Amino acid sequence: MHFSPDDWYIYLGRPEYANRFNLNLLGLAQADAYFVMGSSVPDSPPPPENVSAILGGINLDYMGELNALVDGQGVGFGASLRVDTGDKTFLIFYGRFQAGVGFDVMMRNYGGVTCGGRGALGIDGWYANGQAYAYFDGKIGVKVKLFGNAKRIDILTIGAAVVAQA
């Protein structure tokens, strides 16, 4: 928290995934969240990198250009839940599975920024954005030794992701 005559904010975590409020759920899942409000709020984040990777490496930073315009007052919050088995082995088999869901919502005042010369961006400079995402990624394979060299051969690799941004 910070309060001064010219600037104030309350940050419970931050939108960057490394700086969110985190909770480890019995070693099985990871939950995180943030809430920001004040005269200067951090930029709205893109979805996690693995969502972009599953979708072919496309750029999902839909707010990148607006975030570069101005730091503004506003409010934002988001949360996500992730499950990751890590690398597991059983006899000659190996596998790993990851899944996650999350969302981010922000409303920010961009002040006098205009939209194509047709007036202020949003409603009197206030602009809202949000996103929701979900993903699943998994791999199963076998470990074999060929001529003394250990090899990992994937049997099944699967990944799916969905993103809705507005």
Side-chain angles (χ1 to χ4, degrees), residues 1-86 96-139 157-166:
M1 290 188 286
H2 170 79
F3 297 97
S4 70
D6 298 326
D7 191 29
W8 71 275
Y9 56 82
I10 298 171
Y11 297 165
L12 299 173
R14 290 177 55 94
E16 307 87 26
Y17 292 97
N19 296 321
R20 293 183 176 197
F21 177 75
N22 288 294
L23 181 62
N24 188 327
L25 305 170
L26 301 173
L28 301 174
Q30 182 85 18
D32 62 52
Y34 69 93
F35 174 81
V36 294
M37 177 174 63
S39 59
S40 179
V41 295
D43 294 338
S44 189
E49 287 294 325
N50 55 344
V51 173
S52 174
I54 292 168
L55 295 174
I58 61 175
N59 182 6
L60 295 173
D61 191 3
Y62 71 116
M63 290 298 294
E65 292 177 4
L66 284 177
N67 286 339
L69 290 176
V70 66
D71 289 333
Q73 62 185 341
V75 61
F77 58 94
S80 69
L81 176 67
R82 298 179 308 281
V83 176
D84 186 350
T85 64
R96 181 176 188 168
F97 297 96
Q98 303 176 74
V101 296
F103 73 93
D104 298 284
V105 177
M106 186 168 290
M107 186 168 64
R108 193 181 211 179
N109 187 352
Y110 287 88
V113 174
T114 60
C115 183
R118 291 180 267 166
L121 178 67
I123 300 173
D124 291 330
W126 286 92
Y127 188 81
N129 67 280
Q131 68 180 355
Y133 54 87
Y135 65 91
F136 174 81
D137 191 18
K139 181 186 293 189
T157 301
I158 188 169
V162 63
V163 178
Q165 298 174 323

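None of the values given here were measured: they were computed from a predicted structure.
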- Message: Give me each pair satisfying salt bridge (Lys or Arg N to Asp or Glu O under 4.0 Å) with a member in residues 10-21, each pair once, sequence neighbours excluded.
- Response: Arg14-Glu16, Arg20-Asp32, Arg20-Asp104
- Message: So, using ring-ring contact (aromatic ring centres under 6.0 Å, His included) as the criterion, who are the partners of Tyr9 when residues are at least two apart?
- Response: His2, Tyr11
- Partner set under side chain to side chain contact (heavy atoms under 4.5 Å, CB included) for Val101, not counting sequence neighbours: Leu81, Ala134
- Would you mind listing every salt bridge (Lys or Arg N to Asp or Glu O under 4.0 Å) that reaches into residues 37-57, with sequence neighbours excluded? Asp43-Arg108
- Considering residues, nucleotides and ligands other than Asp124, do more than 12 of their heavy atoms fall under 6.0 Å from its CG? no
- Do you know which two heavy atoms are closest between Val163 and Pro47, and how far apart they sit? CG1-CG, 4.3 Å
- Message: With ring pair (Phe, Tyr, Trp, His ring centres under 6.0 Å) as the rule and sequence neighbours excluded, what pairs involving residues 13-67 come up?
- Response: none
- Query: With Ala53, which residues qualify under side chain to side chain contact (heavy atoms under 4.5 Å, CB included), at least two apart?
  - Reply: none
- Query: With sequence neighbours left out, which residue pairs that include part of residues 55-64 fulfil the salt bridge (Lys or Arg N to Asp or Glu O under 4.0 Å) condition?
  - Reply: none
- So do Trp8 and Gln73 actually touch side chain to side chain, heavy atoms under 4.5 Å? no
- Message: According to side chain to side chain contact (heavy atoms under 4.5 Å, CB included), who are the partners of Ile58, at least two apart in sequence or on a separate chain?
- Response: Leu55, Leu60
- Close side-chain approach of Asn50 and Asp137, heavy atoms under 4.5 Å: no
- Pairing residues for Thr85 by the side-chain hydrogen bond (donor to acceptor under 3.5 Å, both in side chains) criterion, not counting sequence neighbours: none
- Item | Donor-acceptor contact present, side-chain Gln131 to main-chain Pro45, <3.5 Å | yes
- Message: For Asp84, give me all partners under salt bridge (Lys or Arg N to Asp or Glu O under 4.0 Å), at least two apart in sequence or on another chain.
- Response: Arg96
- Query: Does Ser52 use its side chain to pair, donor to acceptor, with the backbone of Asn59 at less than 3.5 Å?
  - Reply: no
- For Met106 and Pro15, work out which heavy atoms get closest and say how close. CE-CG, 4.5 Å
- Message: Holding to side chain to side chain contact (heavy atoms under 4.5 Å, CB included), I want the full list of residues that pass it with Val105, two or more places apart in sequence or in another chain.
- Response: Phe77, Phe103
- Which heavy atom in Gly13 sits nearest to a heavy atom in Val36, and how many Å separate them? O-CG1, 3.8 Å
- Item | Nearest-0.5 Å distance that lies between atom CG in Asn129 and atom CE in Met107 | 11.0 Å
